[in-house]
Amino acid sequence: MNGTTLAAGGPAAGTAPRGSRPAVASFAALALTALLVIAAMGAYSSDLQGSARLVLITSVIAVLSPLFWPGRAASSRATAWRTLGWSLGAMLLAAIAALSVGSTPHIASACVMLLLICVTTLGAAAWAESLLARRGADMASARNASAWLATALLAVPAAAPLWLGPAAELAAAERPRALAAVVAVSPLTHLAIASGNDLLRNQWFYQHSNLAGLRFDYPRLVPVFAGYAALSLVLVGVPAGARSPRASDFNSTSSKEQVP
Amino acid sequence: MIKKVLVASLAGLMLNSPASHAADAMDPALREKARRAVDAGLHYLRGQQQPDGSVMNSVGITALSLRAFLEAHRGYNEGDGAFITKQVEYLLSKVNDDGSICESLQNRAYNTAVALNALAATKNPKYADTIAGGRKFLLGHQIDEAEGYKPDHRYYGGIGYGGDERPDMSNTYLALEGLKAAATDPKDPVWQRAMVFVSRSQNRSESNDQPWAGNDGGFVYMPGWNPPEFANGTNSYGGMTAAGLISLLFAGTEKNDPRVQAAYQWMTNSYTLDVNPGTNTKHGLFYFYNAYAKVMAAYGVDEFVDGKGQKRNWRNELAAKLVSLQNPDGSWVNKESNKWWEDKPPLVTAWTVIALEHALK
């Protein structure tokens, strides 16, 4: 997949003011891609239990969302609305994908967790995009870089139980809380506890993570919800209060060309 | 003459009574050592109790500790004081609306199963409703048609850790042990369904319809794979073979059933107490000791001939091994593996005390 295309929100997004049409087109692309990836990853196979399916669906949508996000809107307020709207759309998409194979317990809490993760991630992407634009990056580059940055911010800690697990196991001899800490920083864990899923004892994780056979505790759901809600408010609220970048901020090359 | 007849009759009675059975099968000096080891282990466990009665704030470990006390040769019961009743109260405080007995989202089936064993061991009818609730939870947790699985699915009949995750042989065995302790009707379909899963976890192609099945008679973790600690794959190993064999016996399978015979042959042929049999590692070694003691006691033999043609008295050898591994503070711990919490002395001590108690019975 080409990150430039994915994050640009359509062919005209590099130059035209960003309205609702590119956002709708981008969301349609997200929905199509997400559903294909979810199906390809075996979400509808009979081996996958309901809660694990919910984790798979919500995590795929969470990771893909920033890549398809059309970026900041013309104003900070519009950006905030776009972030919320996009996140709500992602949540609805997950609900439809999950309900298409039947009712699943915990679907409401899993979808709310996805909503909060999306708002946080897209809020971070908008923040990064704004900062990059102020440092002189052109609109398309700022948007692409921020999209990939937000995805990395989500995916790297999500996989922490895998890549950080061996180090945590070694550290646990001195600091028993190290295992729980590695599990707790993962957004995948957050989606799992909201889905009622014992993530590390799913077959795949049991086979590939060293943590499954060790003693750890998952974080509690309510504090995780509260943490994301607070982070969302900061990330969506702070840029809205700051100066919104103008179109000329993004078209830095052409702006410079116009200066005598 | 009359005196001789009386002595002979008394001796005959003693030989036939269960209490004297192990005494005959076990070296008397070793028996005394094993009892002292149990006492020291229980003393250690008593020191681990929190003010709320829990051990490590865990339903599972508390329940195992409670069972270790209640099944000890000292005959402890709730009348002996707070060190018993506080543990019971802790378990009762963790009963959930769905009948499960657990302090968290994790391991609900495992914790409920071991709590049922502990509560049943109190023999107190006051807990009948709690036990019935736990039984209902475990029955509902079995993977079957209610979850959309047909009998031809490899998960069918199994029981997992407690969410809706994949089932495995270890949790299935513990759940069956809990259901047996909870006096589940032997005609309940849960046993037959479980046997489908158990048979699919055995390396015996005559009774296992899975394509990977071998023919050594031992068991794997679940149909088609083992944990990474045992290099994944489908090789039989001791912990699961003991779990599989005891599951067959819990379900009422006769000793002359070819599945039971095949598993027993694997157990005796692969006999060792130095590593988890069938592997070259000590991962899950104390789990194996615990399950091995239970299955050998349930199978009802004192001696067997191992794969090298050597005659073995399992009670003597297991007791001697466990006594030799005890720490000065009375605890046991797996010093060479932290897998499956075997680096936690309270858990390993409870398992080991229960294993010794089975050897002493």
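As the structure is a prediction and not an experimental result, all values here were calculated from the model.
Residue Phe205(A) does not touch chain B at all, counting heavy-atom pairs closer than 4.5 Å. There is no contact between Phe230(B) and chain A, counting heavy-atom distances below 4.5 Å.
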Apply ring pair (Phe, Tyr, Trp, His ring centres under 6.0 Å) to His190(A) and Phe225(A), showing your working. CA-CA 9 Å; His190(A) 307 151; Phe225(A) 270 141; 9.9 Å; no
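Of the possible polar contacts, one joining the Asn210(A) side chain to the Gly165(A) backbone as a donor-acceptor pair under 3.5 Å is found. For Arg215(A) (side chain) and Trp341(B) (main-chain N/O), no donor-acceptor pair under 3.5 Å exists by modelled atom type.
Counting heavy-atom pairs closer than 4.5 Å to chain A, the top-ranked of the candidates Trp340(B), Tyr155(B), Trp225(B) is Trp225(B). Ranked by heavy-atom pairs under 4.5 Å with chain B, the list Ser209(A), Ala173(A), Pro105(A), Gly213(A) is led by Gly213(A).
Ser26(A) contributes atom OG, which lies 11.0 Å from atom CH2 of Trp69(A) (distance to the nearest 0.5 angstrom). One finds the OG atom of Ser109(A) at 6.0 Å from the CG atom of Leu221(A) (value rounded to the nearest 0.5 Å).
Residues from residues 343-351 of chain B that place a non-hydrogen atom less than 4.5 Å from a non-hydrogen atom of chain A comprise Lys344(B), given in numerical order. At a heavy-atom cut-off of under 4.5 Å, chain A is reached by Met56(B), Asn57(B), Ser58(B) from residues 49-64 of chain B, listed in order of number.
At a cut-off of 3.5 Å, with distance as the only test, no side-chain donor of Ser195(A) or His106(A) sits close to an acceptor on the other residue. Judged purely by distance below 3.5 Å, without hydrogens or angles, the side chains of Tyr173(B) and Lys294(B) pair a donor atom with an acceptor atom. Between Tyr287(B) and Ser170(B), the side chains place a donor N or O and an acceptor N or O closer than 3.5 Å (distance only, hydrogens not considered).
Classification of the Phe286(B)-Tyr289(B) ring pair by plane angle, with boundaries at 30° and 60°, yields perpendicular.
Taking the ring centre of Tyr161(B) as origin, the terminal cationic atom of Arg201(A) falls inside the region bounded by 6.0 Å and 45° from the ring axis.
Between Leu30(A) and Ser65(A), some side-chain heavy-atom pair lies under the 4.5 Å cut-off.
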